[in-house]
There are 2 protein chains.
Amino acid sequence: MARTGRPRNFDRDEAILKAMMLFWEHGFESTSLAQLRAVMGDISAASFYAAFDSKESLFREVVDRYIATFGQATATLIDSSLAPREAIEQALRSSAKMQTEETHPSGCLLVLSASTCSFENVHIREMLTKERALTRSRLFDCIQRAVSNGELPASTDITMLTAVFETFLLGISTQSRDGISFATIDGAVTQVMGIWDRLADSA
Amino acid sequence: MARTGRPRNFDRDEAILKAMMLFWEHGFESTSLAQLRAVMGDISAASFYAAFDSKESLFREVVDRYIATFGQATATLIDSSLAPREAIEQALRSSAKMQTEETHPSGCLLVLSASTCSFENVHIREMLTKERALTRSRLFDCIQRAVSNGELPASTDITMLTAVFETFLLGISTQSRDGISFATIDGAVTQVMGIWDRLADSA
DNA sequence: TAACTTCTGGATCGGATAGTATATAAATAT
DNA sequence: ATATTTATATACTATCCGATCCAGAAGTTA
């Protein structure tokens, strides 16, 4: 049975995608309700709040959507059918590829859209901090798996090696914003993966 | 001869330092005039504008001050008395040390304080982009010097190797914000410098 | 058709925003 | 002493912010 009431005359899913592009480019606080309503097809404030409750609630939906789509660049990290090294290398290369694409804002939304914010929105920043922590723990698990496998020596400092790849991964956001090409970053990934190989050889 | 007129009853230099801490923590746009005036000793709006002209003008002064102080963590990059490798290693370790200190906001002000902003403040973001480009060119020159010296092979892809170190350097900001310790990042620096050594060995 | 549900247009809310006007206070210069 | 210069306190703009209220429009259900 179809739902009752007057149907909304804009595409909610499409509106979230448009909102994502704004939040991605300008960040949570610097994106205004007026801008959001404009890209959603000049909908009224009433329509906006009826559909999304609040700016913050919309942002949470946007983050979820981002993770389910563009954020899948790091999905290889939880694919246990891949060798840990390949999982990490693919996560780095796919992230570099995605973040430098010109069909959407550059860099990573989870890194850039609330890197700084006002006191009253600290919880928004912490929300993204938690998402990054999730990626970090997946990286950690990947490396731990390699140590268990014997691909990396038992003496490997997993926390430190996680930092090697994660620091580089996070840096791609600002590099992309600064206009560094995919080819250049991809070449850098090759060098960073050399760190893994050198540690593996010493096993 | 002393300057005429009623003397200002707050320390302008100290006020800039206080402003720096706010901009560093919350970013340019999310730091309000009211907050700035409060940390400057509850000065009036009139006093603020008499001393600094505008929020934007104050921010430019803050950036200059930051570069002259905390930003000196990367100063080794332009010290030609240092071997290129040592210059870069020191820049990375000093940056990691500075950015994780707990006496001021974590991360780098030049990376975090305007990573995203509204449309009307793009020039603020671009100002910081230019500062990062300066660091990048210094990194580039450092590596180029090593190639000229023969420390690195003539076949070295300087742009790519610049990206290796710069991407890592930029990533330290978010890592610091996420609470990763200096010891962990410093250990990661050691691994990243191994990339240099492997390239140097193949010379 | 009548009741019900949901969305929309338009006006509006209180509060925060960066910035300014005016008059006065506090110093130096002559 | 008087003029000049600069900073202050106080009051005040105009605008934008996210969010809400209400009446009516546009559907479905019974």
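In what follows, chains are A, B, ... by sequence order, proteins preceding strands, each numbered from 1. Everything quoted here is computed from the prediction, not taken from an experiment.
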Do the rings of A:Tyr66 and A:Trp24 sit parallel, tilted or perpendicular, given the 30° and 60° boundaries? perpendicular

Send over the distance from [X] [atom1] to [N] [atom2], rounded to a whole Å.
X        : N      : atom1 : atom2 : value
A:Arg6   : C:dG9  : CZ    : P     : 7 Å
A:Ile43  : C:dG9  : CD1   : P     : 9 Å
B:Leu36  : C:dA16 : CG    : P     : 16 Å
A:Met40  : C:dG9  : CE    : P     : 15 Å
A:Asn121 : D:dC17 : CG    : P     : 15 Å
B:Phe52  : C:dG19 : CZ    : P     : 13 Å

Nearest-neighbour nucleotide for the A:Leu33 side chain, C:dG19, D:dT8, D:dA19 considered: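 It is D:dA19.
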
Between [X] and [N], does any side-chain N or O lie under 4.0 Å from OP1 or OP2?
X       : N      : answer
B:Asn9  : D:dT8  : yes
B:Arg3  : D:dA7  : yes
B:Arg8  : D:dA7  : yes
A:Ser44 : C:dG10 : no
A:Thr4  : D:dT29 : no
B:Tyr49 : C:dG19 : yes

DNA chain D nearest-nucleotide lookup for B:Asp42 and A:Phe48: closer to the 5′ end is B:Asp42

If you assign A:Gln35 and A:Ala46 each to the DNA chain D nucleotide with the nearest heavy atom, which residue ends up on the more 5' nucleotide? A:Gln35

Please confirm whether the ring centroid of B:His26 lies under 6.0 Å from the ring centroid of A:Phe119. no

Check: B:Phe28 ring centre within less than 6.0 Å of B:Phe59 ring centre: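 Between B:Phe28 and B:Phe59, the centre distance is under 6.0 Å.
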
Are any side-chain N or O atoms of A:Ser137 and backbone N or O atoms of A:Leu134, one a donor and one an acceptor, separated by less than 3.5 Å? yes

Side-chain donor/acceptor of B:Gln99 to backbone N/O of B:Ser173, under 3.5 Å: yes

Within the 4.0 Å heavy-atom criterion, would you say B:Phe10 contacts the bases, only the backbone, or no part of the nucleic acid? sugar-phosphate

Which is true for B:Thr31 with a 4.0 Å heavy-atom rule: it touches a base, it touches only sugar-phosphate, or it touches nothing?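 Counting heavy atoms under 4.0 Å across all strands, the contact made by B:Thr31 is with sugar-phosphate only.
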
Between B:Ser32 and A:Ser47, just flag the one whose closest nucleotide in DNA chain C comes earlier from the 5' side.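 The residue closer to the strand's 5' end, by nearest nucleotide, is A:Ser47.
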
